[in-house]
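Counting starts at 1 for both ligands and their atoms, in listed order. Computed from heavy atoms alone, side chains included, the values below leave out hydrogens, waters and symmetry copies.
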Amino acid sequence: MGEVNEITVGKTKLSLIQGDITRQTTDAIVNAANSSLMGGGGVDGAIHRAGGPAILNECRQIVSRIGRLDTGKAVITTGGNLQAKYVIHTVGPVWHGGSRGEVELLLSAYRESLKLATERELKSISFPSISTGAYGYPVAEAANVALDAVITFLRNEPTSLEEVFFVLYDARTYQSYSTRLAEIAG
Ligand code: ADP
């Protein structure tokens, strides 16, 4: 089956790459956080390790203001020591088999992140594959939802974003996304 790693939607380029999101130089990177915003494993741990304590300090201030972050919502902090200026923290759904609103919650996590980036007039953003690690969302289904969320947003909302990246850590996840993008593009 074919693979595609780049399409243009309106004025925005959407690209898939395989790599480590903590090394991205986009204006923002997105963290697949948990509701506590206190860090964790996977990409969350990697971002806090690479970005240093300034990120966690801001997360603490946010939690003291608004409490835990609901699934599907997003908040923005400094990027600390990262090359990215900002980290957008969002909480994807835990996979329970698909009958607990997982699709809508995953769509929302992407949409809310894109809204925040647009409000801040950012030009570029990088997403990981939200929910497909510890949260157990099947990768092929998550790829479908993730690409749908981003493409729908870019088609319908005015945005400052010129570049959107999916930074996919492992080859299998990269392949799922690029297979799905080929279906969409074709
Ligand atoms: P979740 O709890 O939302 O499932 P995880 O961090 O467990 O989040 O996994 C989400 C995805 O992020 C997985 O595909 C995992 O392989 C990937 N990942 C882990 N570390 C990184 C990293 N440094 N850069 C990009 N993706 C990463």
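Remark: minimum distance from atom 7 (O) of ligand 1 to any protein heavy atom is reached at A134 N, 2.8 Å. The protein non-hydrogen atom at the shortest distance from atom 10 (C) of ligand 1 is S129 O, 3.2 Å. At the shortest separation from atom 12 (O) of ligand 1 among protein heavy atoms lies V43 CB, 4.0 Å. Of the protein's non-hydrogen atoms, the one nearest atom 17 (C) of ligand 1 is Y169 CB, 3.9 Å.
Looking at Y137 and V103, their side chains come closer than 4.5 Å, going by heavy atoms from C-beta outward. For the pair T118/F153, a side-chain contact is recorded, criterion being any heavy-atom separation below 4.5 Å from C-beta on.
Of the candidates I88, I62, L56, T77 forms a side chain to side chain contact (heavy atoms under 4.5 Å, CB included) with just one, namely I62.
Applying the 4.0 Å criterion to heavy atoms of T132 picks out, from ligand 1, the atoms 4 (O), 13 (C), 14 (O). Annotation for ligand 1: atoms under 4.0 Å from non-hydrogen atoms of D20 are 22 (C), 23 (N), 24 (N). Which parts of ligand 1 touch A32 is read off a 4.0 Å heavy-atom cut-off, strictly below it: atoms 3 (O), 8 (O). Here is the list of ligand 1 atoms found below 4.0 Å of a heavy atom in G133: 4 (O), 5 (P), 7 (O), 9 (O), 10 (C). The contact set between ligand 1 and I21, taken as ligand atoms under 4.0 Å from a residue heavy atom, comprises 22 (C), 24 (N), 25 (C).
Where the criterion is an N or O separation shorter than 3.5 Å, residue side chain and backbone included, I130 fails it with respect to ligand 1. Taking any N or O of P128, backbone or side chain, none lies under 3.5 Å from an N or O belonging to ligand 1.
Sorted by first and then second residue, the pairs that involve residues 112-132 and meet ring-ring contact (aromatic ring centres under 6.0 Å, His included), not counting sequence neighbours, are Y110-F127, F127-F166.
The closest approach between a heavy atom of S131 and any atom of ligand 1 is below 4.0 Å.
Of the heavy atoms in D170, only side-chain atoms (C-beta onward) come closer than 4.0 Å to ligand 1.
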